[in-house]
Amino acid sequence: MTTLSKTIQGGEFLIRETVAQDVFIPEEFTEEQKMMAQACQDFIDTEITPKIEEIDSMKNPDLVPSIFKKSGELGLLGVSVPEEYGGLGMSFNTSMLIADIIGAAGSFSTTYGAHTGIGTLPILYYGTEEQKQKYLPKLATGEWAACYCLTEPDAGSDANSGKTKATLSADGKTYLINGQKMWISNAGFADLFIVFAKIEDDKNLTAFIVEKTFGGITMNEEEKKMGIKGSSTRQVFFNDCPVPAENMLSERGNGFKIAVNVLNVGRVKLGAGVLGGVRTVISKSIAYSTERRQFGVSINTFGAIKSKLAEMAIRTFVSESLSYRAGQDIEDHMDALAAEGLSDAEAKLKALEQFSIECAISKIHGSEVLDYVVDQGVQIYGGMGYSAEAPMERAYRDARISRIYEGTNEINRMLMVGMILKRAMKGEINLFEPAMAVAAELTSVPSFETIDASELFAVEKDILKKLKKVFLMVGGKAAMALQDKIEDEQEIMMNLADVMTEIYAAESGILRAEKLALQKGEENAKYQIAMARVYLYEAIDKIEAAAKEAIVSFAKGDEQKVMLMGLKRFTKPDFINVKELRREIADYMIAEGKYPF
C-alpha cells in the first residue's frame with residue numbers, strides 16, 4: 001500500500017534523487033487502459049477526422065453537440081467520474097491518457113477538456129452529495145454539457161478581481177447574478193454553467209452551479225478565433241439570473257480556491273492533452289518528407305530534415321515522460337491520503353495542490369513542445385505547410401492557444417517559483433539547507449568523484465545532480481538577496497522556472513529510458529536512450545543561459561564572479577555526437593513511417 005512517507009512530495013525532485021523503478025512510464029499502461037485509449041482513437045477516426053472541415057466551419061450548429069453526446073454515450077466524458085454518479089471511475093493517469101488521445105481531435109479537444117475538466121470537476125470535488133447526485137450523472141453521460149465562467153473583460157490572470165455580483169434575495173432563497181464573462185468555452189450549447197461571482201464586498205469569489213433554464217442568461221455571437229475554430233467560445237451575460245441558494249458550490253468566498261485547484265488539474269491534463277496532436281503532426285511530417293522529392297530524392301534523406309524530425313520526437317518523448325511521471329505521483333499521493341482517512345474529493349484536491357509545481361511544468365513544457373513541433377511541421381512541408389489545403393495550417397493555428405489558457409505560461413512560471421519558495425519558507429520542503437551547502441561548496445576546493453561510465457546513465461545522473469545545484473545556488477541566493485521583493489522581479493522568476501522545468505524534463509526522460517532499458521535491455525531501448533541523452537545535452541545549455549541571466553540581474557562584484565564560476569562548474573556537458581544520434585532516431589522513425597515511441 002502506498003503511504004505518505006513513501007511518496008515523493010511536490011517539488012522534491014530538486015533535492016531528492018528519484019529511482020527509475022519508482023516512476024510510471026506510458027509503456028506500463030494496462031491492457032484495459034490501452035483498450036480505452038483505442039476506443040477513444042476509434043471515436044476520433046470515425047466521428048471527428050472525416051468531419052474536421054465541417055466542424056471548424058461551424059455552419060452546422062448541431063454537429064459538435066451531437067459529436068459531444070456520442071462521446072458521452074461511449075463513456076469518454078465520465079472517465080474521472082465515480083461509478084455511483086454514472087461515470088467509469090477510472091484512475092487519474094487513465095484520465096491523463098484519454099486527454100492525450102483526444103489531443104489529436106483538433107477543436108473538439110477544447111470542447112472535451114472544458115467539459116470534463118473545469119466544467120465537471122468543481123462539482124465532483126466541491127459539491128454536496130445532493131449536487132453530485134443531481135448533476136454528475138447528466139455530465140458524465142453527455143446528457144448535459146458544462147462550461148466554466150471565470151474570466152471577465154478586466155479579470156484574466158487576476159481572476160479574483162472579477163466584478164460579477166451575486167445578491168441574496170430578501171427571503172434568503174435566491175441569489176441574483178449580474179455580470180459579464182468572456183472566452184467561455186462550450187457556452188453556445190452548455191446546459192450548466194460554473195459561475196464565479198462576489199457577494200457584497202467579499203474579497204474572494206464564490207462559485208455557483210447555474211442551469212441555463214434558470215433564465216437571465218444571454219450571449220454574444222460565437223467569437224472569431226485564430227484557431228480551435230470548431231469549439232464554441234462566447235461572451236456570457238448574466239442579467240438578474242436567479243440561482244437557488246442551495247446551488248452555491250462549497251462555501252461563500254471559496255470560489256477563488258476552487259478556481260486555483262481546478263486549474264491545477266487543467267494544467268497537468270493539458271500537458272498530456274497536447275500529446276495526441278503532437279504525435280499526429282510528427283507522423284504526418286514523416287509521411288510528407290518521404291513523399292516529397294527534391295533533387296531526385298525524398299527530402300527525408302537530407303540531414304537538415306532528419307534533424308528536425310528527430311528533435312520533434314526527442315521533445316515529445318520527454319514531454320510524455322514528465323506528464324505521466326507527474327500524473328502517477330499525483331495518483332499515488334491521492335491513494336496515500338485516502339488511506340489516511342480523507343474523502344475521495346479531499347484526497348484528490350490535496351494531492352493536486354501538493355503537485356501544483358509539476359502541474360505547471362507539465363503545462364508549460366507540453367504547450368511549448370506543441371508549438372515547436374507544429375512550427376517545424378510547417379517548415380518540413382515548405383510552401384505546402386502555409387497552404388490551408390495541407391494539415392499543418394490548422395495544427396499551427398490550433399496550437400497557439402495552449403500557451404494561453406489554463407493560466408498563461410508566464411503566470412505558470414511565476415506561480416511555480418513562488419510556490420517552491422513559499423514551501424521552503426514554511427519548512428514544508430528542505431530547500432534552504434541544500435542551498436546553503438551549495439553556497440559553501442562554491443568557495444571550497446572542488447572534489448572529484450570517480451564515476452563508473454560503464455553504468456547506464458551514471459554520467460547523466462551526475463550531471464543532473466549538478467544541474468539541481470544550479471537551481472539551489474541561484475534560487476537560494478536570489479531569495480536571500482531579494483527577499484519579499486523577489487516576486488516583483490518577474491524576469492528572474494521566469495529564469496528560475498526555466499531551470500526547474502528543464503531539470504524535471506531532462507530527469508524524466510532519463511528515468512523513462514533507464515526503466516525501459518531495465519525492462520527489455522539496452523539494445524531494445526537504444527533510441528529512447530539516445531533521445532534522453534540528446535535532451536539532457538540540450539538542457540544544459542538552456543539551464544546555463546537562464547541561470548546566467550538571473551545571476552547578473554541581482555548579484556554584483558565578487559559574489560557574481562563566484563556564482564558564475566560555480567555555474568560553469570555545474571554545467572559541464574558530457575560531449576556527445578548529437579548529429580549522429582539525431583540521424584539514428586530519424587532513420588528509425590522514417591523506417592517505421594510514424595512516431596513509433
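In this text the structure is predicted, and so the values were computed from the model without any measurement.
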For atom [atom1] of [X], is the number of surrounding heavy atoms from other residues, nucleotides or ligands below 6.0 Å larger than 12?
{"X": "K34", "atom1": "NZ", "answer": "yes"}
{"X": "W144", "atom1": "CH2", "answer": "yes"}
{"X": "Y125", "atom1": "OH", "answer": "yes"}
{"X": "K69", "atom1": "NZ", "answer": "yes"}
{"X": "K520", "atom1": "NZ", "answer": "yes"}
{"X": "K198", "atom1": "NZ", "answer": "yes"}

So how far is it from [X] [atom1] to [Y] [atom2], rounded to the nearest 0.5 Å?
{"X": "M36", "Y": "T30", "atom1": "CE", "atom2": "OG1", "answer": "11.5 Å"}
{"X": "L76", "Y": "T141", "atom1": "CG", "atom2": "OG1", "answer": "12.5 Å"}
{"X": "I48", "Y": "Q41", "atom1": "CD1", "atom2": "CD", "answer": "9.5 Å"}
{"X": "T111", "Y": "L77", "atom1": "OG1", "atom2": "CG", "answer": "10.5 Å"}
{"X": "Y112", "Y": "I44", "atom1": "OH", "atom2": "CD1", "answer": "9.5 Å"}
{"X": "S91", "Y": "M334", "atom1": "OG", "atom2": "CE", "answer": "9.5 Å"}

Does the side chain of [X] come under 3.5 Å of the side chain of [Y] through a donor N or O and an acceptor N or O?
{"X": "S343", "Y": "E346", "value": "yes"}
{"X": "N204", "Y": "N160", "value": "yes"}
{"X": "D240", "Y": "N178", "value": "yes"}
{"X": "S362", "Y": "S323", "value": "yes"}
{"X": "R252", "Y": "T206", "value": "no"}
{"X": "N409", "Y": "E368", "value": "yes"}
{"X": "Q328", "Y": "N93", "value": "yes"}

Heavy atoms only: give me the nearest [X]-[Y] pair and the separation to one decimal.
{"X": "P82", "Y": "L124", "answer": "CD-CD1, 3.5 Å"}
{"X": "A399", "Y": "V374", "answer": "CB-CG2, 3.8 Å"}
{"X": "I258", "Y": "S250", "answer": "CD1-CB, 3.8 Å"}
{"X": "A351", "Y": "L337", "answer": "N-CD1, 3.8 Å"}
{"X": "S321", "Y": "S508", "answer": "CB-O, 3.5 Å"}
{"X": "Y372", "Y": "R315", "answer": "CD1-NH1, 3.3 Å"}

According to the salt bridge (Lys or Arg N to Asp or Glu O under 4.0 Å) rule, which pairs have a member within [range], sequence neighbours left out?
{"range": "residues 52-64", "answer": "E53-R394, D56-R394"}
{"range": "residues 72-101", "answer": "D100-R279"}
{"range": "residues 122-150", "answer": "K134-E211"}

Expected output: side-chain [X] to main-chain [Y] donor-acceptor under 3.5 Å:
{"X": "S283", "Y": "Y595", "result": "yes"}
{"X": "N412", "Y": "T408", "result": "yes"}
{"X": "R234", "Y": "A187", "result": "no"}
{"X": "K225", "Y": "D398", "result": "no"}
{"X": "S169", "Y": "T174", "result": "yes"}
{"X": "N186", "Y": "C147", "result": "no"}
{"X": "T280", "Y": "G276", "result": "yes"}
{"X": "Q131", "Y": "M248", "result": "yes"}
{"X": "N247", "Y": "F208", "result": "no"}
{"X": "E152", "Y": "T164", "result": "yes"}

For [Y], is there an ion pair with [X] - N to carboxylate O distance below 4.0 angstrom?
{"X": "K515", "Y": "E27", "answer": "no"}
{"X": "K269", "Y": "E406", "answer": "no"}
{"X": "E47", "Y": "K51", "answer": "yes"}
{"X": "R413", "Y": "E410", "answer": "no"}

For residues [X] and [Y], determine if any side-chain heavy atom of one lies less than 4.5 Å from a side-chain heavy atom of the other.
{"X": "T116", "Y": "V79", "answer": "no"}
{"X": "V210", "Y": "Y175", "answer": "no"}
{"X": "K173", "Y": "P244", "answer": "no"}
{"X": "V369", "Y": "L275", "answer": "no"}
{"X": "Q180", "Y": "C149", "answer": "no"}
{"X": "E222", "Y": "S232", "answer": "yes"}
{"X": "T316", "Y": "V373", "answer": "yes"}
{"X": "R512", "Y": "V23", "answer": "no"}

- Message: Looking only at the aromatic ring of each residue, does the gap between the centers of F196 and Y148 stay below 6.0 angstrom?
- Response: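 Distance test on ring centres: under 6.0 Å, yes.
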- Please find out if less than 6.0 Å separates the ring center of F29 from that of F24.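 Between F24 and F29, which both carry aromatic rings, the centre distance is below 6.0 Å.
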- Message: Which residue in the set I420, T501, I429 passes side-chain contact (heavy atoms from CB on, under 4.5 Å) when paired with I357?
- Response: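 Testing I357 for a side-chain contact (heavy atoms from CB on, under 4.5 Å) against I420, T501, I429 leaves exactly one candidate, I420.
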- Going through the checks in order, is the side-chain hydrogen bond (donor to acceptor under 3.5 Å, both in side chains) test met by S367 and R403? CA-CA 6 Å; S367 63; R403 284 164 50 201; 5.7 Å; no
- Which pairs with one or both residues in residues 234-264 pass ring-ring contact (aromatic ring centres under 6.0 Å, His included), sequence neighbours excluded?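 Matches after skipping sequence neighbours: none remain.
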- Item | Sequence neighbours excluded, every pair satisfying ring-ring contact (aromatic ring centres under 6.0 Å, His included) that has a member inside residues 63-96 |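 As it turns out, the ring-ring contact (aromatic ring centres under 6.0 Å, His included) pairs with a partner in residues 63-96, which skip direct neighbours, are F68-H115, F68-F189.
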- Message: Please evaluate residues E28 and Q519 with respect to the criterion side-chain hydrogen bond (donor to acceptor under 3.5 Å, both in side chains), reporting the C-alpha separation (whole Å), side-chain torsions for both, the decisive distance (0.1 Å), and the verdict.
- Response: CA-CA 10 Å; E28 294 178 309; Q519 289 176 350; 3.1 Å; yes
- Contacts of type side chain to side chain donor-acceptor pair (under 3.5 Å), residue S319, not counting sequence neighbours: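 Once residues adjacent in sequence are excluded, the partners of S319 under the side chain to side chain donor-acceptor pair (under 3.5 Å) criterion are H365.
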